Number of protein chains: 2
Amino acid sequence: MSGTQGDETGRRRTRLSPEAREHEIVRAAIGFFAENGFGGQTRELARAMGVSQALIFRYFPTKEDLIERVYEEVFSKEWRPNLSLVADRSQPLETRLIAFYRDYAGLILGHDYTRLLMFSALGGVNYHERLFARIAAEIYPVVIDELRAHYGRPSLAERPASQNEVEAVWGLHAAIFFVGIREHVFGLGVPPADGMVELKVRTFLQGVAAALAE
Amino acid sequence: MSGTQGDETGRRRTRLSPEAREHEIVRAAIGFFAENGFGGQTRELARAMGVSQALIFRYFPTKEDLIERVYEEVFSKEWRPNLSLVADRSQPLETRLIAFYRDYAGLILGHDYTRLLMFSALGGVNYHERLFARIAAEIYPVVIDELRAHYGRPSLAERPASQNEVEAVWGLHAAIFFVGIREHVFGLGVPPADGMVELKVRTFLQGVAAALAE
DNA sequence: TTTCTTATTGATCAATTGATCAATAGTGAA
DNA sequence: TTCACTATTGATCAATTGATCAATAAGAAA
């Protein structure tokens, strides 16, 4: 609505190298689609960039191609879960989990990340599947195994995870991710991330015994 | 894409009373927008109903009016939180909270409710604000007060809720609501609602001591 | 400064889509 | 069965929107 985005002042054309321009378009598209959803118009995106609409199609044959690129840029960004933080038993489990989930929260609590994930999932795109698959395959086993060790229970190798255990870890993820939803989707005020993660982890550790009980 | 929705067989017009037709349109629109988002086209909605597109505009002057109506139908539906379930101290707190949140889950875990809430919030519509305001004003105080009593702490009248307490209750809501998101937005398998709520409440009760500690 | 390459743009197309309206036909009343 | 009322529709409009292309001009090289 308000058109104070692209600087209308510098009316003069500026030529960028193809690489720079492409990068610029992707960067702008991430913010634009995160805000307006993938139904946002290419004309508005162009205007926000202070560039002609036709230029976008010079770099991306179709709008769908641009969206695809946005997905890759945001979701396929190399994120190596810092699981060494969790497995290092020289530290108390609480300390380790807090350190790990603070790192993790830095990724999943971002404005663009949160909104684009919701938009894409609601739109029926299954980019989130691979994200969740990674979480289930890489993070959960480590966390559950450490919980088992912490509570003096058999390791995952000896006894597979129960549904309740998996659900409990889901609950911790949910608690943290939902703070991002509260902030970036519902526009609500939220507590500072670091203290929040600490509280969620402590609450989780104290509460998880209920899930391990059976 | 697949056009097997509106029965193409009964090509013959069927006349309904204005009230019945209006109700039918709203009902169909709820499901349609919940699935496709508010960007869904009126032509598709009409086709899904087996009715002409023009008919929709006979009953709703603009698409925006129809959307408004969908909001009201889904979100303003009278829901009287069964808080008596929580305050009845003849039962153990765990039992009361489970009963209440099972009731609550019946509302917020629905397919249409969950998706429409996300679509509207992402679209910048602030229907959710009044929902959260109600939650904060009606549910939280009761739950926190009962927690206080349960743990032998001063009532809310004596000492207002701490940020951590509010955050803890948010956490319980988040844990339950996020199951709806997992199922209806991310399309993931989830455990049966009743057992899930029980687990979340038990985990919450056990974990909340951490939040009450200070 | 002049030239040349090509990044950028304005004009435009075709398909989509919300909305309108005169014509049609279902249904209850006579 | 016939009639009259009006719910419903097909045709159509105007605005929107993704996509195209010949013309333009920025900026490096000579």
Side-chain angles (χ1 to χ4, degrees), chain A residues 1 3 5-30 32-33 35-71 119 123 125, chain B residues 1 3 5-30 32-33 35-71 119 123 125:
Chain A
M1 293 286 175
Q5 288 249 26
D7 40 0
E8 313 270 331
T9 15
R11 255 279 157 269
R12 196 160 152 285
R13 280 188 193 177
T14 29
R15 278 165 78 110
L16 295 184
S17 72
E19 306 78 46
R21 180 62 77 190
E22 181 173 321
H23 184 268
E24 192 66 16
I25 292 176
V26 173
R27 209 180 55 81
I30 289 173
F32 180 78
F33 287 134
E35 201 50 42
N36 303 91
F38 297 109
Q41 310 167 10
T42 55
R43 275 175 177 77
E44 270 196 52
L45 168 58
R47 191 155 47 79
M49 293 182 63
V51 130
S52 79
Q53 182 237 9
L55 188 61
I56 292 171
F57 289 90
R58 176 78 179 182
Y59 290 88
F60 297 91
T62 69
K63 183 184 177 184
E64 207 50 47
D65 287 318
L66 175 56
I67 291 174
E68 206 74 32
R69 178 63 176 281
V70 166
Y71 286 146
F119 273 125
V125 180
Chain B
M1 294 288 174
Q5 289 251 23
D7 39 1
E8 313 270 332
T9 13
R11 254 279 156 271
R12 196 160 152 285
R13 280 188 192 176
T14 28
R15 276 166 81 110
L16 294 185
S17 73
E19 306 79 47
R21 181 62 76 190
E22 182 174 321
H23 183 267
E24 192 66 17
I25 292 176
V26 172
R27 210 181 54 80
I30 289 173
F32 180 77
F33 287 133
E35 201 52 41
N36 303 93
F38 297 109
Q41 311 167 10
T42 55
R43 274 177 179 76
E44 269 196 53
L45 168 57
R47 191 154 48 78
M49 294 183 62
V51 130
S52 81
Q53 181 237 7
L55 188 61
I56 293 172
F57 289 91
R58 176 77 178 181
Y59 289 88
F60 297 91
T62 70
K63 182 184 177 184
E64 207 50 48
D65 288 317
L66 176 58
I67 291 174
E68 206 74 33
R69 177 64 175 280
V70 166
Y71 286 146
F119 273 126
V125 180

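Side-chain atoms are counted along with the backbone in the values below, which use heavy atoms only and exclude waters and symmetry mates. This is a predicted model, so every value here is computed, not measured. Within every chain, numbering begins at 1; the chains are lettered A, B, ... in the order of the sequence lines, protein sequences first and strands thereafter.
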**Prompt:** Given atom CG of L16(A) and atom P of dA28(D), what is their separation to the nearest angstrom?
**Reply:** 12 Å
**Asked** Quick one: L55(A) CG to dA26(D) P, roughly how many Å, whole number?
**Response** 15 Å
**Request:** Taking only the side-chain nitrogens and oxygens of T42(B), find out if one of them lies under 4.0 Å from OP1 or OP2 of dG18(C).
**Result:** yes
**Asked** Hey, what's the ring geometry for F38(B) with F119(B), parallel, tilted or perpendicular (30° and 60° as the breaks)?
**Response** perpendicular
**Prompt:** Counting any heavy atom closer than 4.0 Å, what does R21(A) reach on the DNA or RNA strands: base, sugar-phosphate only, or nothing?
**Reply:** sugar-phosphate
**Nearest-Å distance for atom pair CD1/P, residues I56(A) and dT9(C)** = 10 Å
**Asked** Can you list the steps and then say if S17(B) with E19(B) is a side-chain hydrogen bond (donor to acceptor under 3.5 Å, both in side chains)?
**Response** CA-CA 5 Å; S17(B) 73; E19(B) 306 79 47; 3.3 Å; yes
**Complete:** Between F38(A) and R58(A), the residue closer to the 5' end of DNA chain D by nearest nucleotide is F38(A)
**Asked** With respect to the side chain of A54(A), which nucleotide from dG10(C), dT9(D), dG18(C) is positioned closest?
**Response** dG10(C)
**Message:** Strictly below 4.0 Å, N to O, side chains only: are R27(B) and E24(B) in salt-bridge contact?
**Reply:** yes
**Asked** Can you find a side chain N or O atom of R13(B) that sits less than 4.0 Å from OP1 or OP2 on dT24(C)?
**Response** no
**Prompt:** Shortest non-hydrogen contact from I25(A) to L66(A)?
**Reply:** CG2-CD1, 4.1 Å
**Request:** In whole angstrom, give the distance that lies between atom CE of M49(B) and atom C1' of dT8(D).
**Result:** 12 Å
**Prompt:** How many Å lie between CD on Q41(A) and P on dA15(D), as a whole number?
**Reply:** 15 Å
**Message:** Heavy atoms only, 4.0 Å cut-off, all strands: where does S17(A) land among base, sugar-phosphate and nothing?
**Reply:** nothing
**Asked** Once you round it to whole Å, what is the distance between P of dA19(C) and CG of D65(B)?
**Response** 8 Å
**Message:** For dT8(C) and Y59(A) - does any side-chain N or O of the residue sit under 4.0 Å from the phosphate oxygens OP1/OP2?
**Reply:** yes
**Message:** Heavy-atom nearest nucleotide on DNA chain C for R15(B) versus T62(B): which residue maps closer to 5'?
**Reply:** T62(B)
**Prompt:** In whole Å, what is the span from the CD1 atom of I67(B) to the C1' atom of dG18(C)?
**Reply:** 11 Å
**Asked** Base, sugar-phosphate, or nothing: which does F60(A) touch, judged by heavy atoms less than 4.0 Å apart?
**Response** nothing
**Asked** More 5' along DNA chain D: Q53(B) or Q53(A), using each one's nearest nucleotide?
**Response** Q53(B)
**Request:** Using atom CD1 of I25(A) as one end and atom P of dA7(C) as the other, report the distance to the nearest whole Å.
**Result:** 12 Å
**Request:** Test side-chain contact (heavy atoms from CB on, under 4.5 Å) on V26(A) and Y59(A) and set out the steps.
**Result:** CA-CA 10 Å; V26(A) 173; Y59(A) 290 88; over 6 Å; no
